[in-house]
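Predicted, not measured: the structure shown is a model, and the values here were computed from it. Counting convention: from 1, in listed order, for ligands and their atoms alike.
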Amino acid sequence: MGSSMTHPRVTKAIFPVGGLGTRFLPATKAIPKEMLPVLDKPLIQYAVEEALASGIEEIIFVTGKGKTAIEDHFDRAFELETLLARSNPKALAALKKLQLPPGSVAYVRQQEPLGLGHAIWCARHLVRDEPFAVLLADDFILSERPPLAQLLEQHAQFGGHWATVMSVPPSDTSRYGILDIASQDGAIIKVKGLVEKPLPEKAPSTTAIVGRYILSPTIFPHLEAKISSTPTGEIQITDAIAASFATDPFYGLVFEGDRFDCGTLPGMFEATVAAARLRADLAGSLFTQDGMSVRNSFTR
Ligand code: G1P
């Protein structure tokens, strides 16, 4: 493993939110996919709350066309606040939790959807020379400790690049960045190679990257190189991380928690059910010991 000195504290997090969300049409025709809710909270809010709970102080959204609802969501809403102050103090308190300190949120626009690597590169002038976190709101994780906090703890000790990882069925490797594993020590995996979305027969393992990363700023020149050598087509963060192996070690952390792929409809549904089970106000009325007790008198 790398050195055990303490590495700089990570205070900035990038949230790439430029994707189109075509899988959820028509729901995402006029609202960003990151604003789709699991129960009563948008996906992006879960991710931002996770970052804040993990000690992140600066939020950087990499947005695209049609994403202004995200800006409004994290802004004050004076009319609504005034109304709720009179009629619904509980709802007002929930709304106030969303107020981030002035100046702690920045938006940078990715003009073209050129992939996750390109989105991260678009935030380079805001990140500058500090290690930073990346959170993909589509990867919805229920856990006792925020997965980002689990990663940050390891990063503080060992430095380098980090990502949360999990085991996936062999048939699913073509949906993820897949690790070529050098060695494993408990939950920590030292990585020697990475392949973005390989077919099962080409996959070096079935251990996949899930959307939480801590990256060193040394990644930016590698992204820059990929961007200048690939004028069209997607720029993968996975390729840039792999290109930096000579100077930056990369570790995967098998995190504690349940992850749901909220970039797909089944994942979104599962996440909603799992989150409802954890909510005292819903669990009692929706679930029996044997399963769901949702009434359904409409059958085909
Ligand atoms: C991205 C990354 C991939 C990673 C995945 C996690 O893919 O490119 O390496 O495994 O997120 O969700 P996307 O799902 O954006 O296609």
Side-chain angles (χ1 to χ4, degrees), residues 13-24 28 32-34 36 38 43-44 46-47 50 61-64 67 110 112-123 133-143 147-148 150-151 161-181 189 191 193-200 202-215 219 222-223 226-227 230 233-245 250-255 257-268 270-271:
I14 298 178
F15 296 78
V17 291
L20 289 177
T22 42
R23 283 195 191 132
F24 286 97
T28 49
K33 65 172 173 162
E34 297 80 9
L36 294 177
V38 168
L43 283 171
I44 189 65
Y46 287 98
E50 175 185 334
F61 290 107
V62 182
T63 70
K67 300 283 180 168
Q110 184 187 23
E112 288 175 89
L114 290 178
L116 180 55
H118 183 265
I120 292 170
W121 178 77
C122 285
V134 179
L135 292 95
L136 307 184
D138 279 3
D139 280 322
F140 178 80
I141 298 171
L142 292 173
S143 59
L148 186 64
Q150 298 176 36
L151 268 191
H161 302 308
W162 284 80
T164 42
V165 301
M166 67 177 210
S167 198
V168 296
S171 54
D172 281 358
T173 56
S174 59
R175 292 169 47 194
Y176 300 95
I178 300 290
L179 313 189
D180 190 354
I181 296 173
I189 296 177
V191 183
L194 279 175
V195 191
E196 180 67 9
K197 305 197 171 89
L199 291 172
K202 297 258 168 72
S205 77
T206 51
T207 305
I209 294 181
V210 177
R212 306 288 181 274
Y213 304 80
I214 312 285
L215 298 172
I219 200 72
H222 294 286
L223 284 170
K226 297 273 168 212
I227 288 164
T230 325
E234 292 213 340
I235 306 299
Q236 305 298 349
I237 191 63
T238 314
D239 296 339
I241 297 172
S244 72
F245 277 164
F250 176 53
Y251 305 102
L253 177 71
V254 182
F255 64 100
D258 292 328
R259 175 263 189 185
F260 302 87
D261 183 359
C262 285
T264 68
L265 201 49
M268 193 72 180
E270 280 179 301

Numbered atoms and elements of ligand 1 in range of G177, under 4.0 angstrom, heavy atoms: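 So the atoms of ligand 1 that pass are 3 (C), 4 (C), 9 (O), 10 (O).
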Proximal ligand 1 atoms for T238, defined as those under 4.0 Å from one of its heavy atoms: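 The atoms of ligand 1 under 4.0 Å from a heavy atom of T238 are 9 (O).
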Output yes when a side-chain donor or acceptor of [X] lies under 3.5 Å from a complementary backbone atom of [Y], and no otherwise.
{"X": "T173", "Y": "P198", "answer": "yes"}
{"X": "D180", "Y": "G193", "answer": "no"}
{"X": "E50", "Y": "L148", "answer": "yes"}

Among all protein heavy atoms, pick out the one at the shortest distance from [atom]; state its residue, atom name and that distance to 0.1 Å.
{"atom": "atom 2 (C) of ligand 1", "result": "E196 OE2, 3.6 Å"}
{"atom": "atom 4 (C) of ligand 1", "result": "I209 O, 3.6 Å"}
{"atom": "atom 11 (O) of ligand 1", "result": "L136 CD1, 3.4 Å"}
{"atom": "atom 7 (O) of ligand 1", "result": "K197 NZ, 3.3 Å"}

Atom 14 (O) of ligand 1: any protein heavy atom closer than 4.0 Å: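 Given the 4.0 Å limit, the answer for atom 14 (O) of ligand 1 is no, no protein heavy atom qualifies.
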Ligand 1 contact on D261 by region, counting heavy-atom pairs under 4.0 Å: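 Within the 4.0 Å criterion, D261 makes no contact with ligand 1.
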Within reach of ligand 1, part of D139 (heavy-atom separation under 4.0 Å):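 The part of D139 near ligand 1 is the side chain, not the backbone.
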Pairwise distance CG(L253) to CZ(R212) - rounded to 0.5 angstrom: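 Answer for the CG-CZ pair, L253 versus R212, is 12.5 Å.
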Given V191, V210, V254, I181, the one that forms side-chain contact (heavy atoms from CB on, under 4.5 Å) with V165: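 Output: one option passes, namely V254.
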Heavy atoms of other groups near R175 CZ, more than 12 under 6.0 Å: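 Above 12, so yes.
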Geometric class of the F140/Y46 ring pair [parallel <30°, tilted 30-60°, perpendicular >60°]: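 Perpendicular, since the angle between the ring planes exceeds 60°.
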